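Treat the numbers as computed from the prediction; the structure is a model and nothing was measured. Order of the sequence lines sets the chain letters (A, B, ...), proteins ahead of strands, with each chain counted from 1.
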Protein chains: 2
Amino acid sequence: MSSVKLDTKSRIFEATWKLMEDHHGQGVRMSDIAKAAGISRQALYLHFDDRSNLLIATTQYMDEKSGIEEQLQPSRDAPDGKTRLREYIKVMGNHFPNIQGVARALLAIKDTDEAARAAWDERMGAIREGCEAAITMLEAEGNLVKGLSRKVATDLLWVLLSFQNWDQLTNHCDWSSEEYISHIQKQAERSFVAR
Amino acid sequence: MSSVKLDTKSRIFEATWKLMEDHHGQGVRMSDIAKAAGISRQALYLHFDDRSNLLIATTQYMDEKSGIEEQLQPSRDAPDGKTRLREYIKVMGNHFPNIQGVARALLAIKDTDEAARAAWDERMGAIREGCEAAITMLEAEGNLVKGLSRKVATDLLWVLLSFQNWDQLTNHCDWSSEEYISHIQKQAERSFVAR
DNA sequence: TTCCTAACTTGACACGGTGTAAATTGACAT
DNA sequence: ATGTCAATTTACACCGTGTCAAGTTAGGAA
């Protein structure tokens with residue numbers, strides 16, 4: 001039973017999260033986060049070794065808070081591959097808006113920061129597993145579209161469900177979350193489910 | 001007819017291009033480019049206002065050198081939508097490897113640099129037009145898959161053909177250029193061409 | 001020859017953001 | 001009272017970008 005007031009670490013996470021959302025993951029400095037959390041910039045370094053560690057820890061905090069694991073259960077329990085695919089896409093479509101700020105920030109530094117790259121790849125790897133599970137189920141039922149190997153189908157579904165594509169479609173093509181989910185569900189069925 | 005030795009500006013472009021390819025668009029400093037071009041770092045600023053302008057100018061130089069415009073002609077001359085789509089994907093699949101270094105560098109700064117963002121969006125807009133042309137031709141023939149509007153089909157093809165997806169598939173999923181082209185061609189046909 | 005100009009050089013510096021270091025304070029537990 | 005822990009303040013080093021000023025070099029025109 002933690003105190004009613006958030007402890008410092010949680011305040012830092014919340015501040016990071018909010019600032020990243022507000023600024024689309026760009027131009028948020030350590031001093032901004034410190035100010036928003038109500039501590040000094042230097043105190044930030046008492047809790048996190050550096051900027052990338054802060055971002056990585058924030059993603060974990062976000063995942064716990066948003067309850068992504070539980071939300072995935074309906075997909076795991078799906079009776080057939082097609083349903084599993086649909087459910088999985090729905091969860092992702094609802095998850096991306098929650099994480100977009102930090103995800104973009106992580107994406108921006110992952111090319112120069114080894115730890116960030118590892119964190120991002122771990123995230124992407126988890127999504128890939130979800131894709132592979134759905135494709136494998138389809139294949140086992142004999143419902144995977146002809147002429148498509150499991151590997152290639154998984155790769156294709158994985159990029160279709162990438163954060164960057166979601167970003168592009170919702171922010172450049174003006175798709176709503178609902179449109180994203182329904183259009184991508186249909187696209188995935190056309191692409192992977194045998195008629 | 002220009003002299004046999006490249007003029008300074010061209011040497012800068014070539015150096016930028018090569019360094020960006022070699023380093024995957026990351027960690028290339030102005031001083032590195034200057035050194036590779038055989039001039040002082042400050043002389044770089046005599047030719048380009050700043051780093052982003054240099055990158056933008058380099059993309060234009062690359063596009064001219066690689067002859068992307070001419071390569072697109074077979075797609076424009078295609079007799080039907082399905083062929084147009086196939087040809088377009090082939091050109092893109094062969095183009096991306098040439099531009100990957102600079103593209104990644106531009107991608108990295110486009111969130112903080114207004115000029116870079118504009119340059120990138122202009123590029124992406126051009127690709128989008130190609131996508132729309134192919135989809136429009138399919139639609140006119142009555143060969144666009146049922147239940148898909150031109151707008152949504154264009155958006156989906158556009159993200160399918162994005163640089164980020166190409167990067168993911170070739171570098172994370174170990175697809176060769178040939179595999180990329182043939183798999184994406186098939187995927188596009190499954191997704192957009194009515195049977 | 002002399003002069004001019006353009007391209008380029010060297011050296012120094014300001015700025016912004018990250019990360020480090022040292023000394024200090026205030027609260028709380030033993 | 002003593003120790004410890006969280007946090008504070010001040011100061012500074014590092015890096016890459018971009019700027020500024022003054023000096024050099026080569027070519028062409030008078």
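- Side-chain heavy atoms closer than 4.5 Å link hydrophobic residues (I, L, V, M, F, W, Y) into clusters, and following such links, even through other members, never connects Met137(A) to Met92(A).
- For residues 48-66 of chain A, every residue pair satisfying the salt bridge (charged side-chain N to carboxylate O under 4.0 Å, His left out) rule, not counting sequence neighbours, is listed here: Asp63(A)-Arg123(A).
- By the side-chain contact (heavy atoms from CB on, under 4.5 Å) test, Asp22(A) is found to be paired with Lys18(A), residues two or more places apart in sequence or in another chain being considered.
- Side chain of Arg11(A) to backbone of Ala37(A): a donor-acceptor contact under 3.5 angstrom is found.
- Residues from residues 27-41 of chain A that place a heavy atom under 4.0 Å from any atom of DNA chain D, listed by number: Gly38(A), Ile39(A), Ser40(A).
- We find that OH of Tyr45(A) is positioned 6 Å from P of dT18(C), with the value rounded to whole Å.
- Under the 3.5 Å distance criterion, the side-chain polar atoms of His23(A) are matched with a main-chain donor or acceptor of Leu19(A).
- Bracketed by its first and final contacts, the part of DNA chain D lying under 4.0 Å from non-hydrogen atoms of chain A reaches from dA7(D) to dA11(D) in 5' to 3' order.
- Atom CG of Asp50(B) and atom P of dG16(C) are 17 Å apart (whole Å).
- The distance from atom CD1 of Ile109(A) to atom P of dT18(C) is 11 Å, rounded to the nearest whole Å.
- Here dC8(C) presents its C1' atom at 15 Å from NZ of Lys9(B), a figure rounded to the nearest Å.
- Across the protein-nucleic acid pair, Gln42(A) atom CD and dT20(C) atom C1' stand 10 Å apart, rounded to whole Å.
- Applying the salt bridge (charged side-chain N to carboxylate O under 4.0 Å, His left out) test to pairs two or more places apart or on separate chains, those with a residue in residues 32-45 of chain B are Arg29(B)-Asp32(B).
- Shown are Phe96(A), Trp158(A), Tyr180(A); of these, the ring-ring contact (aromatic ring centres under 6.0 Å, His included) with Phe163(A) is made only by Phe96(A).
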Going by atom type alone, with no hydrogens or angles, which donor-acceptor pairs under 3.5 Å involve a side-chain atom of residues 99-111 of chain A and a protein atom two or more places apart or on another chain?
| residue | atom | partner | partner atom | Å |
| --- | --- | --- | --- | --- |
| Gln100(A) | OE1 | Arg104(A) | NH2 | 2.7 |
| Gln100(A) | NE2 | Pro97(A) | O | 3.4 |
| Arg104(A) | NE | His24(A) | O | 3.4 |
| Arg104(A) | NH1 | Asp167(A) | OD1 | 2.5 |
| Arg104(A) | NH1 | Asp167(A) | OD2 | 3.2 |

